[in-house]
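So you know, we letter chains A, B, ... as the sequences are listed, proteins then strands, and number each from 1.
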Amino acid sequence: MGLGFGIRIGYPCINNSIPHTSPSTFRLASYSENKLVQTVKGNLYHLAQILKYNVKNNLLFFRISSDLIPFASHPICKLDWRALFQSELEQIGDYIKQHDIRISMHPDQFVILNSPNDVILKNSINELTYHCKILDTMRLDATAKVQIHVGGAYGNKVKAIDRFVNTYNNDSLIDDVIKRRLVIENDDRLFNIMDCLSINKHTGIPIVFDCFHHELYCNGEPLKVALCGALLTWNKDIDGSPMVDYSSSNNKAGRKDGKSRKGKHAETINAILFKKFLEETEGLDFDIILEIKDKEKSALKGLKKLKEFGN
DNA sequence: AGCAGTCAAGCATTA
DNA sequence: TAATGCTTGACTGCT
């Protein structure tokens, strides 16, 4: 149970070391089925390339971009992409399983399960269904997660939390396809780790602990206390090892506007802070996504630190 | 080729 | 009232 054995390190969505592998998309105005098919083909090919790079470099956690299939949940998309790309998705899934790669996806800010607006809720559920179907078609087990934030506060956090819980617990709204993968993450200004834990109590939903958000917004709980709270919400046999997002602040000095860039992610990993984080959390098991702008470069540095620390 | 405006979607904050 | 930031980047049309 020494540190460094269980921990997998990864990064989100983009690899800048391999040319042209950013997931590509296009404008709704220029939508055509042919364009979609060509784009998805390219995206799947590049995803496979990135995963190979990751395995070669021992980066065994990856967040797959929501742009893998552009407009998949938009009404304009009539393409049966599951059928069309089943074999490519299965092959990628096989590779993921073969190398024990941890996978997550992170739909963007438009997915809001506690919205009082039925249309927004419906669109959100469609978007979640799309994400889960990708992972299902890859035949990944329930350790592949789809992570979202709690949503909006709408001026009343207690009611907003209640609405999340009620929606989540309503089986006619959220089915098991989504439930087996959905996890929530503490955000940087509305719903902190205590709020997430309270939602967990009423839903059982696992919590991704975001260290950086916790630093920006919490009730003063020490890092380790908050982190342990989140870790306990994961059922290891089903959900796998808990997921943690790590970043630090972008404190580039001497910006013209003189503003603090507090909410921004760092350009590159601060090795000293990351080492401190590893020291503080020694003995705990989880997988880490490094949400840092230079992506795989920082992930490699982080991995190096982790290995030094384990020795 | 390079530039600037713009991009499906929501919410909260700031100017 | 409008712009900005969020995982922010990259598509697009214009020069």
> With rounding to whole Å, what would you report as the distance between C/dT1 and B/dA8 at their C1' atoms?
Replying inline: 23 Å
>> So which atom in A/Asn186 and which in A/Ile193 form the shortest heavy-atom distance, rounded to 0.1 Å?
In response: CB-N, 3.8 Å
>> Please give the distance between the C1' atoms of C/dA10 and B/dC11 as a whole number of Å.
In response: 24 Å
> Near DNA chain B, under 4.0 Å by heavy atom, which residues of residues 149-170 of chain A?
Replying inline: A/Gly152, A/Ala153, A/Tyr154
>> Quick one: does any side-chain atom of A/Asn114 pair with a main-chain N or O of A/Asp162 as donor and acceptor, under 3.5 Å?
In response: no
> With Watson-Crick and G-U wobble geometry limited to distances under 3.5 Å, how should the secondary structure of DNA chain C be encoded in dot-bracket form, using | for bases paired to another strand and [ ] for crossing pairs?
Replying inline: ||||||..|||||||
> For atom P, what is the distance between C/dT8 and B/dA1, given to the nearest Å?
Replying inline: 30 Å
> How are the rings of A/Phe26 and A/Tyr31 set to each other: parallel, tilted or perpendicular (split at 30° and 60°)?
Replying inline: tilted
>> Please report the distance separating the C1' of B/dC7 from the corresponding atom of C/dG5, rounded so that it comes out in whole Å.
In response: 15 Å
>> Measure CG/A/Asn123 against C1'/B/dC11 and give the value in whole Å, please.
In response: 15 Å
> Counting side-chain heavy atoms from CB outward, which of C/dT7, B/dA8, C/dC11 is closest to A/Glu127?
Replying inline: B/dA8
> Shortest non-hydrogen contact from A/Gly152 to A/Ala160?
Replying inline: O-CB, 3.4 Å
> Which residues in residues 49-66 of chain A have at least one heavy atom lying under 4.0 Å from any atom of DNA chain C?
Replying inline: none
> So do A/Tyr11 and A/Asn54 actually touch side chain to side chain, heavy atoms under 4.5 Å?
Replying inline: yes
> Taking only residues two or more places apart in sequence or in another chain, which ones pass salt bridge (charged side-chain N to carboxylate O under 4.0 Å, His left out) with A/Asp237?
Replying inline: none
> How far, in whole Å, is C/dA3 from B/dT6 if one measures between their C1' atoms?
Replying inline: 14 Å
>> Are A/Tyr95 and A/His99, when compared by the centres of their aromatic rings, separated by less than 6.0 Å?
In response: yes
> Taking the P atom of each, how far is C/dT12 from B/dA9, in whole Å?
Replying inline: 16 Å
> Does A/Thr39 reach the side chain of A/Pro70, with side-chain heavy atoms less than 4.5 Å apart?
Replying inline: yes
> Is there a stack between A/Phe110 and B/dG10, judged by ring centres under 5.5 Å and planes under 30°?
Replying inline: no
> Roughly how many Å is it from OH in A/Tyr246 to P in C/dT7, rounded to a whole number?
Replying inline: 16 Å
> Taking CG from A/Asp188 and P from C/dT8, how many angstroms apart are they, rounded to a whole number?
Replying inline: 10 Å
>> Of the listed nucleotides (B/dA8, C/dT7, B/dC11), which one gets closest to any side-chain atom of A/Phe71?
In response: B/dA8
> So is A/Lys179 actually on top of A/Tyr168's ring, under 6.0 Å and inside 45° of the axis?
Replying inline: yes
> Between A/Phe191 and A/His149, is the ring centre distance below 6.0 Å?
Replying inline: no
> Under 4.0 Å between a side-chain N/O of A/Lys293 and OP1 or OP2 of C/dG9, yes or no?
Replying inline: yes
> Which part of the nucleic acid does A/Ser24 contact within heavy-atom distance under 4.0 Å: base, sugar-phosphate only, or nothing?
Replying inline: sugar-phosphate
> For the pair made of CG in A/Asp187 and P in C/dG5, what is the distance, rounded to whole Å?
Replying inline: 18 Å
> Given atom CD1 of A/Ile76 and atom P of B/dC7, what is their separation to the nearest angstrom?
Replying inline: 15 Å
> Tell me: CG of A/Asp108 to C1' of B/dC7, nearest whole Å?
Replying inline: 12 Å
>> Using only atom types and a distance under 3.5 Å, with no angle test, would you say the side chain of A/Lys97 pairs donor to acceptor with the backbone of A/Ile92?
In response: no
>> Test salt bridge (charged side-chain N to carboxylate O under 4.0 Å, His left out) on A/Glu291 and A/Arg63; report intermediate values, then the result.
In response: CA-CA 10 Å; A/Glu291 287 187 330; A/Arg63 182 182 297 165; 3.0 Å; yes
> If you look only at pairs with a residue in residues 221-236 of chain A, which of them pass as a side chain to side chain donor-acceptor pair (under 3.5 Å), with sequence neighbours excluded?
Replying inline: none
> Looking at the side chain of A/Ser115, which of C/dC11, B/dC11, C/dC6 is the nearest nucleotide?
Replying inline: B/dC11
> Are the ring centres of A/Tyr246 and A/Phe274 closer than 6.0 Å?
Replying inline: yes
>> For a quick test of reading the model: is some side-chain N or O of A/His106 closer than 4.0 Å to OP1 or OP2 of C/dT8?
In response: no
Enumerate the protein-to-nucleotides 12-15 of chain C contacts in which both atoms are nitrogen or oxygen and the separation is below 3.5 Å.
residue: C/dT12; atom: OP1; partner: A/Arg27; partner atom: N; Å: 3.1
residue: C/dT12; atom: OP1; partner: A/Ser30; partner atom: OG; Å: 2.6

> Distance between the C1' atoms of C/dC6 and B/dC3, in whole angstroms?
Replying inline: 26 Å
> Under 6.0 Å from the six-membered ring centre of A/Tyr154 and within 45° of its axis: does the NZ or CZ of A/Arg163 meet both?
Replying inline: yes
> Are side-chain heavy atoms of A/Ile207 and A/Leu197 found at a separation under 4.5 Å?
Replying inline: yes
>> Distance check needed: C/dG9 P versus A/Ile292 CD1, whole Å only.
In response: 14 Å
>> Without decimals, in angstroms, what is the distance between A/Ile125 CD1 and B/dA9 C1'?
In response: 15 Å
> Taking the side chain of A/Ile14 as heavy atoms from C-beta outward, which of B/dA12, C/dT7, C/dG9 is closest to it?
Replying inline: C/dG9
> Between C/dT7 and B/dG2, how far is it from one P atom to the other, in whole Å?
Replying inline: 32 Å
